[in-house]
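Encoded as structure tokens, the structure appears first; notes follow it.
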Amino acid sequence: MPGRLQRWILALSMAALPALALAQSVEGVLMPGEVIKGHAKWEQDCRKCHIPLDRSAQPRLCVDCHKKIAEDLRDHVRLHGRLKDSTCRRCHTDHKGRKAKITGLNKDTFDHDQTRFRLRGAHKKPKTKCEDCHKPTVKYRDTPQACQSCHRKDDNEKGHKGRLGPKCEECHTDVNWKETKFDHNKTRFKLELGHKDVKCKECHTGQLYPFKDKPRACVACHKKDDDDPAKKGHKGHFGSKCEKCHDAGKWKKSIFDHERDAKYELKGKHFDAKCEKCHTKPLYTVKLPSDCYACHRKDDDEKGHKGSLGQKCAKCHNEKNWKTSKFDHDKDTDYPLTGKHAKVKCDKCHKSGVTVVAGKPRVKLPTACYACHKKDDDDPLKKAHKGRFGEKCNSCHTTKEWKHIIFDHDKDTDYRLAGKHRKAKCESCHNIPGEVVAKGVPRVKLVTACNACHKKDDFEKGHKGTLGVRCESCHSENSWRVEKFDHTKSRFPLTGSHAIVECKKCHKTVDYRAAPRACNGCHERDDVHKRRLGIDCERCHNMRTWKSWDFDHTKTGFRLDGAHAKPECYACHKAPMQKRRDQSIVSGCVVCHIKKDVHRGTFGPRCERCHGIDAWLPALRLFR
């Protein structure tokens with residue numbers, strides 16, 4: 001009905017209006033009232049907000065103008081984006097006059113948490129009014145959220161005057177402005193030990209505490225303490241880095257570790273010396289040398305060696321007592337003093353003194369034994385070698401006693417002496433004059449093979465070279481006679497009855513290698529088969545006993561079944577085999593049954609296709 005009524009009214013209006021009135025839109029005639037001031041410029045263009053007969057199009061037309069609202073709806077943010085029903089006319093209706101407010105906002109029931117700024121703490125108290133934050137000339141959505149936008153006056157009058165920036169929430173809370181939550185440890189200066197109990201204004205002095213850009217160096221606050229003689233300050237003598245020695249706990253207690261922080265450990269009397277004793281000039285301006293000679297040169301000139309032993313005083317002296325020498329020849333030189341050397345006076349060897357030039361001895365003594373004991377080696381009364389065995393005396397002799405020999409042929413050479421070799425004299429083998437020369441390098445290196453010395457014995461009483469030069473395979477140093485030869489290491493291990501057979505039974509000559517390894521080499525006479533079963537005796541017989549055999553014909557590739565199991569071996573194996581295996585024995589039927597072939601070869605050699613192995617006749621199956 002309402003739609004039909006509208007059409008009637010529209011028809012009557014068009015008929016009644018003059019030509020000038022027809023120029024106006026029909027919608028203008030039907031407009032229920034004036035729009036608000038913000039929409040006034042579109043008042044004559046109804047299609048800007050309405051589409052005839054399409055009520056659902058109105059929200060889409062609203063957001064075409066209100067771009068920011070459209071973004072909120074699309075991204076589901078802010079108030080409009082979080083509403084369950086985002087139809088515009090649900091909250092906003094126009095045509096109520098120029099001064100009408102169409103927001104429809106109920107301040108008492110409005111949920112501020114749906115916006116980007118949740119009300120908490122003091123912001124949520126009843127005393128706080130909307131007008132305190134939302135100014136009449138600023139849209140709700142454009143209201144600034146930074147604390148300073150509302151509290152700038154508080155910051156200027158009672159606060160920091162903008163020195164700490166606009167992020168008030170980093171220190172203050174919304175419950176109480178005076179209540180702070182600032183964590184000083186998140187700044188560039190952590191509050192530790194004694195600094196924790198100090199009030200802010202103790203360090204942040206001046207009007208309104210200029211917290212930012214406060215100097216962090218200790219000397220900025222503690223310069224008076226350093227200059228105060230009553231507090232035993234240094235008056236800047238040790239620089240401005242107070243934290244090198246002091247910490248925030250106790251000013252009087254020094255944490256400076258000279259070994260760790262200065263790379264110079266204080267020992268003995270150095271530990272008890274006052275800092276000013278060595279650091280006579282302001283610290284950091286002159287780097288002190290760490291060598292002893294820098295401080296004790298005067299002591300060396302007046303009571304010491306006058307520079308003759310160089311400048312490395314620490315080699316002999318220590319910090320505990322200047323007069324006590326700690327020089328250890330074993331540790332401090334490359335030549336440890338052992339045996340009788342430990343009792344010899346220094347000038348016995350260091351005849352020209354120990355004068356040092358540029359930290360190095362002018363004359364460096366040789367450490368080789370021969371340098372001092374050449375006369376002993378040449379002296380015939382001391383039964384010496386006269387250079388025959390080289391200059392490495394320590395290979396055989398010790399510093400404990402010259403006559404005491406420590407040379408061990410087993411450990412010191414690659415040839416171990418065993419049996420009768422241990423009792424032989426050195427000259428028995430080392431019989432070449434001048435065999436060992438200077439520096440211990442042999443001029444002629446002896447061959448360690450047995451044959452090098454016992455070749456004559458091998459040709460006169462042995463094998464005449466037939467078994468090679470490795471005599472040790474059978475013989476030992478205890479006796480020339482064979483004690484126990486391990487036949488398992490040869491090409492023919494002895495097992496079964498072979499293990500109790502005498503060597504000469506198989507080895508007819510001294511050329512042991514010529515002994516045959518094949519069974520028929522020794523058992524030709526024992527072969528009752530006369531080679532008709534081949535010469536591979538081990539295929540049937542074993543080494544335990546000749547009479548037992550366990551030959552399995554199925555392993556040959558020709559299984560004995562049916563009538564084949566009855567004949568004796570010689571029925572098929574008639575002729576002697578000349579080779580290890582008789583290649584003339586063929587498994588084809590025609591080889592043995594050619595005389596029974598009534599077909600005379602017309603059906604081929606594969607008899608088994610028609611005949612069975614149990615009986616030759618009758619044929620079991622037809623040819624296929």
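Computed from heavy atoms alone, side chains included, the values below leave out hydrogens, waters and symmetry copies.
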What's the shortest heavy-atom distance between Arg544 and Ser497, and which atoms?
O-OG, 2.7 Å
Do the non-hydrogen side-chain atoms of His523 and Asn520 ever get within less than 4.5 Å of each other?
no
For Asp410 and Leu417, work out which heavy atoms get closest and say how close.
OD1-N, 2.8 Å
Say you draw a straight line from CZ of Arg517 to OG of Ser490; how long is it, rounded to the nearest 0.5 Å?
9.0 Å
With a 3.5 Å distance limit and no angle check, can you tell me whether His409 reaches the backbone of Tyr415 through a side-chain donor-acceptor pair?
yes
Would you check if the side chain of His507 reaches a backbone N or O of Ala515 as a donor-acceptor pair within less than 3.5 Å?
no
Aromatic rings Phe492 and His487: how do their planes relate, parallel, tilted or perpendicular, breaks at 30° and 60°?
perpendicular
Would you indicate whether the side-chain heavy atoms of Lys555 and Asp552 approach each other to under 4.5 Å?
yes
What one should report as the nearest heavy-atom pair of Asn451 and Cys471 is N-SG, 4.2 Å
Show your working on side chain to side chain contact (heavy atoms under 4.5 Å, CB included) between Phe407 and Thr413 and close with a plain yes or no.
CA-CA 10 Å; Phe407 183 76; Thr413 68; 3.7 Å; yes
Report, as yes or no, whether the 6.0 Å neighbourhood of atom CG on Asp414 holds more than 12 heavy atoms from other residues, nucleotides or ligands.
no
pair Ile406-His397: side-chain heavy atoms closer than 4.5 Å:
no
One should read off an interatomic distance between Arg422 CZ and Asn478 CG, to the nearest 0.5 angstrom, of 11.5 Å
Please find the pair of heavy atoms, one from Val501 and one from Lys505, that lie closest to each other, and give the distance.
CG1-CB, 3.3 Å
Rounded to the nearest 0.5 angstrom, the NE2-NE2 distance for His329 and His341 is 10.5 Å
In Å, rounded to the nearest 0.5 Å, how long is the span from SG of Cys393 to CG of Asp376?
8.5 Å
If you take all heavy atoms of Thr367 and Tyr335, which pair is closest and at what distance?
O-CE1, 3.2 Å
What distance do Asp527 atom CG and Trp546 atom CH2 have between them, rounded to the nearest 0.5 Å?
6.5 Å
Does the side chain of Lys420 reach to within under 4.5 Å of the side chain of Glu477, using non-hydrogen atoms?
no
Would you please indicate if the ring centroids of Trp549 and His541 are separated by under 6.0 Å?
no
Contact between Glu319 and Lys269 at the side-chain level, heavy atoms closer than 4.5 Å - yes or no?
no
Under the criterion side chain to side chain contact (heavy atoms under 4.5 Å, CB included), I'd like the reasoning laid out for His184 against Leu191: C-alpha separation, chi angles, the key distance, then a yes or no.
CA-CA 7 Å; His184 211 287; Leu191 297 182; 3.6 Å; yes
What distance separates Leu494 CG from Cys506 SG, expressed to the nearest 0.5 Å?
7.5 Å
Can you check side chain to side chain contact (heavy atoms under 4.5 Å, CB included) on Asp378 and Lys375, steps first, answer last?
CA-CA 5 Å; Asp378 293 339; Lys375 292 182 179 181; 5.9 Å; no
Does this structure show an ion pair linking Lys267 with Glu265, if we count only N-O contacts that are shorter than 4.0 Å?
yes
